[in-house]
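Quick notes on the structure that follows.
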Amino acid sequence: MSQNKRELAPTFSPADIESPLYEKWIAAGYFTADNTSGKEPYTIVIPPPNVTGSLHIGHALDHTLQDVLIRMKRMKGFETLWLPGMDHAGIATQNVVEKQLASEGKSRHDLGREEFVKKVWEWKAESGGAILGQMRRLGESVDWSREAFTMDANGIKAVPTIFKKLYEADLIYRAERIINWCTRCLTALSDIEVEHSDVEGEFVSVRYGEGDQQITVATTRPETMLGDGAVAVHPDDPRYKHMVGTQVLLPLANRMIPIIADELVDPDFGTGAVKVTGAHDPNDFEMATRHGIEMPIIMDEHGVMANSGTQFDGMDRFVARKAVVAELKAQGRVVSEKRPYLHSVGHCSRCDTTVEPRLSLQWFVRVAPLAKAAGDAVREGRVKIEPKELEPRYFDWVDNMHDWCISRQLWWGHQIPVWYGPNGEVLVLGPDEKAPTGYVQDPDVLDTWFSSALWPFSTLGWPEITADVKKFYPTSVLVTGYDILFFWVVRMMMMGIFAMDGVAPFPVIALHGLVRDRFGKKMSKSRGNTIDPLEFMDRYGADALRFALAQKANPGTDQALAEEWVGASRNFATKLWNATRFAIMNGANVEGELPAHDSLNAIDKWILSRLSETISEVDHLLESYEFARACDVIYHFAWDDLCDWYLELSKETFASGNSEGTKRVLGYVLDQLLKLMHPVMPFITEELWTSFTGGESLVISQWPVADAAHIDKKSEKLVTELQTIITEVRRFRNDQGIKTTQKVPGRFIAPTDIAQYAPAMAFVLKMESVDFTASASFEIGLVKVELDLTGTIDIGAERARLTKDLATAQKDLQTAQVKLSNEGFMAKAPENVVVEIKERLVTTSADIERISAQLAALPQS
RNA sequence: GGGUGCUUAGCUCAGUGGUAGAGCGCCUCGUUUACACCGAGGAUGUCGGGGGUUCGAAACCCUCAGCGCCCA
C-alpha cells in the first residue's frame, strides 16, 4: 500500500508534475472506454474543434467542464467515454491551403480538384490538429483510441447514408433559390455563416419612368436596378393605387417594367415604392415569384456586373454602384441621397466579404419537420436545456428555421452523393453503391455542419450498429457554449432524432457562456485583449487555469477572466500542497478504519461533519452543472475550514502527543478532499494523493460519499463558539497593538465543554499559561478571558472597539424588536422565522448587557 | 423592428421572500517550523430611478433609464 509514498518537494511546481502524470494515465489506459463492460455508460462527445484551430480560452473552459463531469462519473463507477476529434471545417481549411498556394503564386485550379484535395490532406497531416497536443496539456481524460475526424472512414459512410435517407424521405431537395453568395470564397453560404453588421452606406431615391408615368423608389444598392423586374407598392397605398398594373420605364436599362401591388411592401418606408430585383434580394425573390416577374442575374460569381446589357457590365459591383448613381444624376433622376446611411449588411463569416444574395441552383434540407421534432423533444421534456432560461432562444430558432442550404462550391469536404445521368437522371447513392458509367457526380460538397450534425453517432461507427453505438448512444450530456446552440446543437438534434428512430443524441444540453476579458468585454484580436490559455498554463499550471475557469462558470452566463484570477487559483493549489505537507509531517494517515465517532474530540467531529456537508453540496452542484458554486464550496472548505481552522486548532493536539484520532481524521479528510477536487484539479491532487496515501491513482479511485453519521450539529455549534472566542481575542490583541507572535499570559474561565479546548485556543492565540495577575479581562458569551498585558491597556482603543460592538448589537436588537412588535409579522410570519427572531432578541440583549458592563468597567481616562 | 438578458462593495460577479455575500483590490500589523503563492485584524453598499404587492422585497409585479446579446 505504501510503496508509492513519496516525499513532497517544499514548493509546488506544476511544470514538473503535469506531463509525467498525463503520460502515466495514458500508459495505464484509464481513459479508454470498454464497450463490453457491465458498468452503466456515461458519454460525452467533444464539440469538434476545427482542424485548423488551436486551443483558445473558450475551448479551455468547455473542455474543463466536460473533463470535470467525465472524471467525476468515472470515479462514480460509470463506463465513461469522452470522445475527442476534429471537424474538417470546409471553408476554413480550404482557405488556409489556398492561401499557402497563393504564396507560391498558384491557385487551386492550377492543381485540379484531385491534387488539391490531396494537398489538403497533406496539410492536415503536417500542420492540422495542433489543438490535440494542447488538450493533453490541459489534462483532458479523453479516449484517444477513438479519436475521430468528420472525414474519416466513419464520416465517409455516415454522410451519404443519411443524405440518401433524407432524400428518400423528401427532406432534401434541389432548387433554384436566393442564397447567400460569397464573391471571394465563390460558394453558397447558409444563413448562419452570414454575420450581419451595421455599415455606413447610402440611401438613394431614384425617379423611374417618364412624363406623367413616374414613380420614385429608394434603395441602398442602386447598381442592382439593372436587374429590376418590377416596382412594387402596397395594395392599399392611395398614392400609387392608380398605377398598379401599368408599366414604367426602367432607366439605364431602358426597359419597361410593371408596377405590382404586394403586402410585403411597407408603405411607411422610404417612398413606399420599392424596386423588385428578384435575382439579388430574398424579399424581392418572394415577390417576383408570386407575381411571375422576371429575375435577370446581372452579376457574375465574382460580383462583377454582367449580362445587364449596359455600359456597366465588367465593373465590380461597388464601382458600378457609384457609376450608376453618377449616371442617374447626370440624367436628373436622383431625387435625394442620404449618405452616410447606416444599415445592416451581411458578411461572410469566414472572410468578411460583403455577401451577395444570388439566385442559384443548390441543395437544401427541408427543415420544418426535423426542426419540429427537435423542438418537441425539448418541449416534451425528453431533452433538458440547462439553464432553463435559454430555452426561449432555442425555441425561437427551431420554430422559425429557414430551409438549410447545404451545397458548397468547394473542393474540401464531403462531395454530394448525387450522380446525374446523361438524360437528366438524378441518382442518390449510399456509401457502398456505384453509379452506372456515364453518370457524373455533383461537383459540390456539403456544408461542414452537415457532417458535424452526425457527430454523436457517426463517431461511434453508425450506420453500422456497432458495440459502441449500442453501449454509448445516446450520449449523456452535451456541454457547449450557448453561441453554437444554433450552428451545431440544433442540427445534431434534428439529425440525431431523424437517424436514430427518434432518440435525441443527448438528454441534457448544458450551456455555458463565453470567456471575456477582465472588464467583461468580448475578446477579439482587434481589441488586443485575447487570452492565450497556453501562456497561463506555462505560468500557473493547468490546474490553476482549470480551477479559475470552472470557479467562474455559472450556467449559461459569460465570465470575465484576468491573469490575476488564474494566479489566485495557483495560490490555492499551493495552499493545498502545503496543507498536505503539513499533514504528512504530522503523521496523518489513511491506515485502517476511522476511530469510533464517540472517541473523537469535538474539533475532529466538526471537520468530519463539515466534510460530509461539503461532499453532499459539491456532488449535488456538479450533478446540476453548477460548476462555479461547486468550486466555491470546495474552496471555502479547503481554505477556511480545513486550513485556517482545523489545522490551526489541531496543532496543539499534535504537539501534545495524544493525537492518534486526529491523525487518522486528518488523513481521512484530506483523502476525501483530494478526491473531491480531482475532477477540477487533476494534476496536483494526483501528485498529493499518491504521495500521501501510496495509492495507484485518483483517476480510478472512488468518488466520496457523504456520511450522514458524521453530521454533528452539536460539534459544529461548539466549534463556532471557539471560533468566535478566538476571533474576539484576536481583535482585542490587535486593537491593543499586541503582535501576533507575542506571547501573552492568559487564561479562560469557561464551562467544561469549552474549557476542554482552552489549550487548543491558547495555542492558536499564543497565550501562556503561567501564574499572573490579570490586567485585562472580557467576556464572550459564557466565557471569560483574562490576560496580563504587563502594562496599561490602551483604553481609548478598547472603548472604541466596545462602542462599535455595542452599536451593532443595538441595531440588531432594534431590528428584532420592531419585527416582534409588528402585529402583522406575529400573525403572518412562519413559526420558524418568529422563533429565530426571538432568539436573536435574547442573544443581542445579552450582548448589549455584557458590552455595556465592560464599557462601564473601563477606567475613565 | 422582434426577442432576450443584465444593472448588487473600487473591479469581476454570486445571491429568487426573513439581520447584504465571495474572489481580487484597498488599509493596519506580522520573518508563528505547512504555506509571504502566507497569516491576523480592518474599511467599503439608500442592491440603477420611481411606483406597487407583502407582516417583511436585492429578490415578485408595473414603469422609466442605461448597457449587452441573439435574430431580422
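Lettering follows sequence order; numbering is per chain, from 1.
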So what does F486(A) touch, heavy atoms closer than 4.0 Å: a base, only the sugar-phosphate, or nothing?
sugar-phosphate
For A560(A), answer base if it contacts any base atom (sugar-phosphate contacts may also be present), sugar-phosphate if it contacts only those atoms, and nothing otherwise; contact means non-hydrogen atoms under 4.0 Å.
sugar-phosphate
Would you write the dot-bracket representation of RNA chain B, where each base gets (, ), [, ], | or . depending on whether it forms a Watson-Crick or G-U pair under 3.5 Å and with which partner?
((((((((.[[[[.)..(..]]]].(((((.......))))).....[[[[[..)....]]]]]))))))).
Could you check whether T727(A) gets within reach of a base, just the sugar-phosphate, or nothing at all, counting any heavy atom under 4.0 Å?
sugar-phosphate
At under 4.0 Å between heavy atoms, what does D396(A) touch on the DNA or RNA strands: base, sugar-phosphate, or nothing?
nothing
Looking only at side-chain N and O atoms, does T557(A) come under 4.0 Å of OP1 or OP2 in A14(B)?
yes
Please report the distance separating the P of C64(B) from the corresponding atom of C69(B), rounded so that it comes out in whole Å.
23 Å
I need the F683(A) CZ to M537(A) CE distance, nearest 0.5 Å.
9.0 Å
For W577(A), report the nucleic acid contact type (base, sugar-phosphate, nothing); a contact means any heavy atom under 4.0 Å.
nothing
Atom P, compared across U53(B) and U46(B): separation rounded to whole Å:
26 Å
Distance (rounded to the nearest 0.5 Å) between F572(A) CZ and D543(A) CG
11.0 Å
Taking only the P atom of each, what is the distance from C55(B) to G49(B) in whole angstrom?
24 Å
At 4.0 Å (heavy atoms only), tell me whether K811(A) reaches a base, stays on the sugar-phosphate, or touches nothing.
nothing
Using the rule given for salt bridge (Lys or Arg N to Asp or Glu O under 4.0 Å), can you reason through D847(A) versus R850(A), listing the C-alpha separation, both sets of side-chain angles and the distance that settles it, and then say yes or no?
CA-CA 5 Å; D847(A) 284 346; R850(A) 196 192 75 234; 3.1 Å; yes
From D558(A) CG over to K521(A) NZ, what is the distance, rounded to the nearest 0.5 angstrom?
12.0 Å
Taking only the side-chain nitrogens and oxygens of W397(A), find out if one of them lies under 4.0 Å from OP1 or OP2 of G2(B).
no
Considering only G18(B), G42(B), C24(B), which nucleotide approaches the side chain of K804(A) most closely?
G42(B)
Classify the side chain of R570(A) and the base of C37(B) as holding, or not holding, a donor-acceptor pair under 3.5 Å.
yes
Once you apply a heavy-atom cut-off of 4.0 Å, does E389(A) come out as touching a base, just sugar-phosphate, or nothing?
nothing
Passing option when E839(A) is tested against L841(A), T843(A), I837(A), V835(A) for side-chain contact (heavy atoms from CB on, under 4.5 Å)
V835(A)
A40(B) phosphate, OP1 or OP2: any side-chain N/O from R733(A) under 4.0 angstrom?
no
Tell me what F519(A) touches on the nucleic acid: a base, only sugar-phosphate, or nothing, going by heavy atoms under 4.0 Å.
sugar-phosphate
From CZ of F395(A) over to P of U4(B), roughly how many Å is that when rounded to an integer?
13 Å
Hey, does K651(A) reach any base, or is it just sugar-phosphate, or nothing, if we go heavy atoms under 4.0 Å?
base
When the C1' atoms of C35(B) and G15(B) are compared, how many Å lie between them, rounded to an integer?
31 Å
Toward the 5' end of RNA chain B, by each residue's nearest nucleotide, D644(A) or T844(A)
T844(A)
Between E563(A) and R539(A) (salt bridge meaning N to carboxylate O under 4.0 Å), is one present in this structure?
yes
Return the nearest nucleotide to the side chain of R629(A); candidates are A14(B), C38(B), A40(B).
A14(B)
Which part of the nucleic acid, if any, lies within contact of R840(A), taking any heavy atom under 4.0 Å across all strands shown: a base, the sugar-phosphate backbone alone, or nothing?
base
Which residue lies toward the 5' end of RNA chain B, V194(A) or N554(A), if each is placed at its nearest nucleotide?
N554(A)
Heavy atoms under 4.0 Å, any strand shown: does T815(A) hit a base, just sugar-phosphate, or nothing?
nothing
Measure from the side chain of N571(A), starting at C-beta and using heavy atoms only, and say which of C29(B), G23(B), C38(B) lies closest.
C38(B)
Which class fits the ring pair W639(A) and Y635(A): parallel under 30°, tilted 30 to 60°, perpendicular over 60°?
tilted
Should R730(A) be listed as having a side-chain N or O under 4.0 Å from OP1 or OP2 of G41(B)?
yes
Which of the following nucleotides, A40(B), G39(B), C38(B), is nearest to the side chain of N734(A)?
A40(B)
Is the base of C35(B) touched by the side chain of K575(A) through a donor-acceptor pair closer than 3.5 angstrom?
yes
How is K828(A) classified with respect to the nucleic acid when contacts are heavy atoms under 4.0 Å: base, sugar-phosphate, or nothing?
base
Distance in angstrom units between L390(A) CG and U4(B) P, rounded:
13 Å
Rounding to 0.5 Å, atoms CD1 (I484(A)) and CH2 (W488(A)) come to a distance of 5.5 Å
